[in-house]
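Hydrogens, waters and symmetry mates are skipped; everything else that's a heavy atom, side chains included, is used. Letters go in sequence order (proteins before strands), and every chain restarts at 1.
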Number of protein chains: 2
Amino acid sequence: MLLSKSCIYALRASVLIASKKNDGFITIRELSDELNISFHFLTKVLQEMTKAELLESYKGPNGGVKLARPANKITFMDVVESIDGNYMINECVLGLPGCGVMKPCALHDQWSVLKTDIINMMNEYNLEAIAKNRELQRSFERKSAQLANL
Amino acid sequence: MLLSKSCIYALRASVLIASKKNDGFITIRELSDELNISFHFLTKVLQEMTKAELLESYKGPNGGVKLARPANKITFMDVVESIDGNYMINECVLGLPGCGVMKPCALHDQWSVLKTDIINMMNEYNLEAIAKNRELQRSFERKSAQLANL
DNA sequence: GTATATTAAGATAAAATAGTCTTAATACCA
DNA sequence: TGGTATTAAGACTATTTTATCTTAATATAC
Ligand code: SF4
Ligand code: SF4
């Protein structure tokens with residue numbers, strides 16, 4: 001797996017937050033219910049995102065979490081790094097310590113190109129765009145469901 | 001990490017085997033020494049490759065392992081699948097069960113392109129090519145070491 | 001046949017990751 | 001002020017991955 005499960009949860013949750021238009025706080029309970037993720041586990045994951053200043057949190061009634069910045073200012077990579085660290089940049093397929101351009105492994109030539117593509121995609125793709133895409137897919141899904149009912 | 005550690009060991013070992021020109025059996029001890037991998041652990045990993053019929057093994061004196069096919073007939077993907085299974089094909093970044101073209105996640109559009117590139121690379125790149133590349137890098141390394149000694 | 005070299009297999013241990021549960025801290029509201 | 005809603009933090013458990021150790025099986029050579 002390219003990303004840890006925690007990281008995937010973080011992504012799913014933050015995309016969901018971004019896709020909720022209102023900019024008030026959303027309870028983690030609401031998120032965990034909708035995503036079918038353990039509430040306590042998701043809480044921990046989102047705590048890390050809060051520490052990384054991608055989310056803001058607020059306690060008590062009407063509390064919850066919300067994006068700390070506009071959704072288009074939080075990239076895929078931001079989320080990944082907040083949970084999994086910057087392993088994408090430092091480590092690699094072969095995970096050889098201290099490897100890289102000067103001391104490449106036998107796969108470096110082929111892999112580094114793909115790796116760069118992944119990094120670029122993660123840096124360019126942001127929560128707003130992902131949420132938009134999600135909405136498109138949903139409406140497409142609804143439409144094909146209607147068609148199937150004919 | 002895209003690949004498990006076992007898988008990385010399998011790759012490193014099989015590339016090393018491929019780069020040894022002789023086609024007799026090579027002891028796992030020799031491989032584990034050269035790669036600095038625990039002998040017992042590597043043994044297990046290579047056992048899986050033997051089961052997957054990528055390697056042949058032979059017990060007793062002059063025994064060891066060797067490639068079951070010519071190095072250019074064993075792809076990067078063959079090795080990966082023998083250890084990590086075909087998760088690359090079935091699973092994904094988000095690892096959502098049952099996802100795919102019909103029910104894509106919000107990242108599918110961007111990710112599937114990169115995923116395909118990775119799969120293609122793994123299918124096209126084989127042990128002979130990787131070993132050749134490794135040799136090139138080694139000789140380059142030797143040359144630059146000589147230069148540094150001037 | 002006995003000793004030796006080697007992989008195969010399984011039992012166990014250690015470490016990393018994932019998940020659960022409990023308590024504390026904070027904020028609101030009545 | 002006291003009760004409730006909510007995140008924060010930490011202890012604990014479970015699972016998976018990685019690593020080690022022991023014993024078995026098999027082949028060779030003398
Ligand atoms: S592909 Fe490059 S960065 Fe990755 S392990 Fe090999 S040398 Fe290191
Ligand atoms: S990118 Fe595609 S294959 Fe991967 S998890 Fe999303 S929908 Fe599934």
The side-chain hydrogen bond (donor to acceptor under 3.5 Å, both in side chains) partners of B:Thr75 (sequence neighbours excluded) come to B:Asp78

Indicate, with a heavy-atom threshold strictly under 4.0 Å, whether B:Ile28 touches base, sugar-phosphate, or nothing. sugar-phosphate

In whole angstroms, the gap separating P of C:dT17 from CG of A:Leu3 amounts to 14 Å

Margin query: Tell me if a side-chain donor or acceptor on B:Asp117 pairs with a main-chain N or O of A:Leu114 at a distance below 3.5 Å.
Written below: no

Rounded to whole Å, the CG-P distance (A:Asn36 to C:dG19) equals 13 Å

Side-chain atoms of B:His40 come closest, of D:dT28, D:dT4, D:dC21, to D:dC21

Whole-Å distance, A:Met49 CE to D:dA8 C1', equals 17 Å

Practice item. Mind checking B:Tyr58 for me? I need base, sugar-phosphate or nothing, with any heavy atom below 4.0 Å counting as a touch. Key: sugar-phosphate

Separation of C:dA5 atom P from B:Glu30 atom CD, nearest Å, is 16 Å

Here the distance between atom P of C:dT17 and atom CD1 of A:Ile8, to the nearest Å, is 14 Å

Sequence neighbours excluded, the answer for side-chain hydrogen bond (donor to acceptor under 3.5 Å, both in side chains) partners of A:Ser19 is A:Arg134

Donor-acceptor pair, A:Asn133 side chain versus B:Ala106 backbone, under 3.5 Å? yes

From the candidates D:dT20, D:dT4, C:dG19, the one with an atom nearest any side-chain atom of B:Ser38 is D:dT20

Walking DNA chain C from its 5' end, the first of B:Lys44 and B:Arg29 to be reached, judged by nearest nucleotide, is B:Arg29

| field | B:Ser57 side chain near C:dA8 phosphate (N/O to OP1/OP2, under 4.0 Å) | value | yes

The residue, A:Ser6 or B:Leu46, whose nearest nucleotide of DNA chain C is more 5′ is B:Leu46

Please state whether the rings of B:Phe76 and B:Tyr125 are parallel, tilted or perpendicular, taking 30° and 60° as the class boundaries. tilted

**Prompt:** Think A:Tyr9 has a side-chain N or O under 4.0 angstrom from the OP1 or OP2 of C:dA18?
**Reply:** no

Closest of D:dT7, C:dA18, D:dC21 to the A:Phe39 side chain is D:dT7

Checking D:dA8, C:dG19, D:dT18 against the side chain of A:Lys5 (C-beta onward), the nearest is C:dG19

From CD of A:Gln47 across to C1' of C:dT23 the rounded distance in Å is 13 Å

Taken to the nearest whole Å, CZ/A:Phe41 to P/C:dC21 is 14 Å

A:Lys59 atom NZ is separated from D:dT6 atom C1', nearest whole Å, by 9 Å

